[in-house]
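Computed from a predicted structure; not experimentally measured. Below, chain A is the first sequence line, B the second, and so on; all start at residue 1.
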There are 2 protein chains.
Amino acid sequence: MASSSSLSPPKVPKELYFINREKVLNSLRQHLTETSRPLHGFVLLQGGEEQTRYCTDHLELFRQESYFAYLFGVREPGFYGAIDIATGKSILFAPRLPPDYAVWLGKIKPLSYFQEKYMVNMVYYTDEIVGVLQGHYKEPGKPLLFLLHGLNTDSNNFSKPAQFEGMEKFETELNTLHPILSECRVFKSDHELALIQFANDISSEAHVEVMKKTRVGMKEYQMESMFLHHTYMYGGCRHCSYTCICATGENSAVLHYGHAAAPNDRTFEDGDMALLDMGAEYQFYGSDITCSFPVNGKFTSDQSLIYNAVLKAHNAVINAMKPGVCWVDMHKLAEKIILESLKKGGVMVGNVDEMMAARLGAVFMPHGLGHFLGIDTHDPGGYPKVYMIKLTADGF
Amino acid sequence: MASSSSLSPPKVPKELYFINREKVLNSLRQHLTETSRPLHGFVLLQGGEEQTRYCTDHLELFRQESYFAYLFGVREPGFYGAIDIATGKSILFAPRLPPDYAVWLGKIKPLSYFQEKYMVNMVYYTDEIVGVLQGHYKEPGKPLLFLLHGLNTDSNNFSKPAQFEGMEKFETELNTLHPILSECRVFKSDHELALIQFANDISSEAHVEVMKKTRVGMKEYQMESMFLHHTYMYGGCRHCSYTCICATGENSAVLHYGHAAAPNDRTFEDGDMALLDMGAEYQFYGSDITCSFPVNGKFTSDQSLIYNAVLKAHNAVINAMKPGVCWVDMHKLAEKIILESLKKGGVMVGNVDEMMAARLGAVFMPHGLGHFLGIDTHDPGGYPKVYMIKLTADGF
């Protein structure tokens, strides 16, 4: 084969999800203690279900819900997961599969398989949730369930709290879990960072491969195909963090090009710039990488001017970043350097501070400087209230 | 690049959807005439919507609903489509996009773009449905809408009738359209056959490529990656007809291996058979191809026995098939030849007619002989009532 890779997909350490659960458990216990509430009840999450396409039997490739993936790492559909706040014990509930599943969909795994694989204390069937949770609850009255309910500030959608038959036998609490779990997801463990690093390494390598193989006269989607192939073939990445954006020519000015209504289908020409925004997902953890280059391999002076303006801004932000630095200041730094470069190159005329005050930079960079990255491409926790207020106050 | 292709993706003839609409219109008019009902009202279908993943802003790659794709070919989300039964005129309703769509998602296309592209008579915005349909209705009383409502016999799900604000201003009829539209989809036009042929040609070529590049010690998903790459890179196939099944060793006995809970992740060994069931989708039209081969390139005598039994059955059915032949008889023919081969090879002992009577063949072939193929992998119309009755009566 022409291509190859210097990388190989790392194993996922089993304790990754154990560590995540411990973190959430400790954080929740601390919060309950601080608010003078008792340390009992269960964290209960419902995993994702397989979806068919419209009315057909076409099954979409299942990808676990991200909060569930964070706590339990389960790649199979139809699960529930619980953490006993009093004892710290973790429990998975697996769907009870019919016997003919073995013929059509594969070996029916014993519960011990999931216990071992996801390093939980116990595994039962989903039809046992009520009895198991009641049995483990040592307090008087209905057992208390902390369910996931909260706003995703990127999508404006709400997460869906777990639902199951017999819920009326429990007390439920919707306000506590979501902010604690989201905050825990912000700070990555070393195990998580290693997976994110691999997703980025294999994606970076794939970008370079694509760049090498790009030829004038290709279709944009061929760059997508080469990227997907490299990250799956050599990185085991079956999913992408987001739909590949392979924009050339004026399409490069469209931030989220590449979707079904603009499906990377242009034939690109000599002299075009390509802007490729693609990232693979490895074992739930994602990457998000954009790069741009001239498809014929040679920058024109105009292309070089813009490319270097962005590169300079990028490097300045990387150099200035350290704990305690304000994100908004980094955004302003990037805008300022871009405007200075554009002025120097004769694209803009006038005073850069005045341009900054008029938010002229937003014409060229209408998006934010970045976002959190993890199990979601736009990982939660990126927009705490205080940051939103500061952004608004600064006119950003 | 090491690979290449002798094929190139064909253009989709615009009149494809026009022909489909004419067929449905004529069939519906004929049915209304035969049942002494007036020839007016509208066929109204709602296209698919983009879906986000759980609560996040991760957008799944949109794929149009199949009935809508059949009649209108629209690849963009959020549309409605109508056919005026009295005049035969076709109308598309496009979503009205906000101005900042142009910055984030691409050029906002004028309505004339969709009129030209999908060869319809008129295009309006979705917020104009009520007024437009009322305006075109020349009869007294509420306009009549024929909506899509019916059982998909493969999934046991029901198709979703169109819904929009202001529906109470119309009469709706749910029983007529679905069987007519499904029946029309069974008989493919030459344009449709050409697309299905291409999807099959590029998929066949990709299967051969995969076979050539397979090496002992690879992971099953690497065969998937090679297939996907070939069909996308050289065939422009962004979607597959179904999740790739790349089974080796004992996984080959699992019919629908390859999904998230059994994700093509085995490392295969010298002496294994591979069973690859993969098909690309081209411009909504699908393919479905299975082949099996020894991963080291050489059959053992056992492997050869099974392979040749299936090949012989396959060839016998192909030779026997012609208009008027009963599908169930073809299934029996295949089973009989396989059982005869197994007996000859010493795998089975006894009388083949008795094995047939005892349905022993179903142990080795628990699935049907085939299914219809088109915009869905399991295309509608495959299980008419009379066939189901015959199957049951014959013990199949």
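- B:Ser155 contributes a side-chain N or O that, together with a main-chain N or O of A:Cys55, makes up a donor-acceptor pair within less than 3.5 Å.
- Heavy atoms closer than 4.5 Å to chain B are found nowhere in A:Asp100, neither backbone nor side chain.
- For the ring-ring contact (aromatic ring centres under 6.0 Å, His included) criterion with A:Tyr232, the lone passing option out of B:Tyr221, B:Phe227, B:Tyr232 is B:Tyr221.
- Looking at B:Lys219, B:Met226, B:Glu224, B:Met223 one by one, the single match for side chain to side chain contact (heavy atoms under 4.5 Å, CB included) with A:Met233 turns out to be B:Met226.
- Interface remark: of the candidates A:Val254, A:Asn251, A:Val74, A:Val254 forms the most heavy-atom pairs closer than 4.5 Å to chain B.
- Top candidate by heavy-atom pairs under 4.5 Å with chain A, chosen from B:Pro77, B:Ser159, B:Ala102, is B:Ser159.
- B:Ala253 touches chain A through its backbone: at least one of N, CA, C or O sits under 4.5 Å from a heavy atom, while the side chain does not.
- A perpendicular orientation is assigned to the rings of B:His259 and A:Tyr101, their planes being inclined by more than 60° (bins at 30° and 60°).
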Worked verdict on A:Arg63 versus B:Arg53 for side chain to side chain contact (heavy atoms under 4.5 Å, CB included): CA-CA 9 Å; A:Arg63 199 276 198 179; B:Arg53 196 165 71 192; 3.3 Å; yes
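- Most heavy-atom pairs under 4.5 Å with chain A: of the set B:His378, B:His367, B:Glu50, B:Lys107, this distinction falls to B:His378.
- The side chain to side chain contact (heavy atoms under 4.5 Å, CB included) test with B:His256 singles out one residue from A:Leu59, A:Leu105, A:Val103, and that residue is A:Leu105.
- Proximity to chain B is absent for every atom of A:His230, based on heavy atoms less than 4.5 angstrom apart.
- Here the CG atom belonging to B:Asn152 is positioned 9.0 Å from the OG1 atom belonging to A:Thr52, to the nearest 0.5 angstrom.
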Side chain to side chain contact (heavy atoms under 4.5 Å, CB included) between B:Thr243 and A:Arg238, worked out: CA-CA 11 Å; B:Thr243 301; A:Arg238 198 178 201 184; 3.4 Å; yes
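- The two atoms that bring A:Pro366 and B:Trp104 nearest to each other are O-CZ2, 4.2 Å, heavy atoms only.
- Contact annotation for B:Cys240: only backbone heavy atoms (N, CA, C, O) come within less than 4.5 Å of a heavy atom of chain A.
- Interface remark: B:Thr231 contributes no atoms to any contact with chain A (heavy atom separation under 4.5 Å).
- Neither the backbone nor the side chain of B:Ala247 comes within contact range of chain A; no heavy atoms are under 4.5 Å apart.
- For B:Glu220, no part sits under 4.5 Å from any heavy atom of chain A, backbone or side chain.
- Contact count against chain B (heavy-atom pairs under 4.5 Å) is highest for A:Gly236 among A:Gly150, A:Gly236, A:Ser66.
- In this structure, chain B has no heavy atom under 4.5 Å from any part of A:Gln51.
- Looking at A:Cys244, only its backbone comes within 4.5 Å of chain B, counting heavy atoms on both sides.
- Using a 4.5 Å cut-off between heavy atoms, A:Thr56 contacts chain B through both its backbone and its side chain.
- Looking at A:Ile375, only its backbone comes within 4.5 Å of chain B, counting heavy atoms on both sides.
- When heavy atoms are compared at a cutoff of 4.5 Å, B:Arg75 approaches chain A by way of both its backbone and its side chain.
- Contact detail for A:Phe62 and B:Ala260: the closest heavy-atom pair is O-CB, 3.5 Å.
- For B:Phe158, the part lying under 4.5 angstrom from a heavy atom of chain A is the backbone only.
- For the pair B:His58 (side chain) and A:Tyr242 (backbone), a donor-acceptor distance under 3.5 Å is absent.
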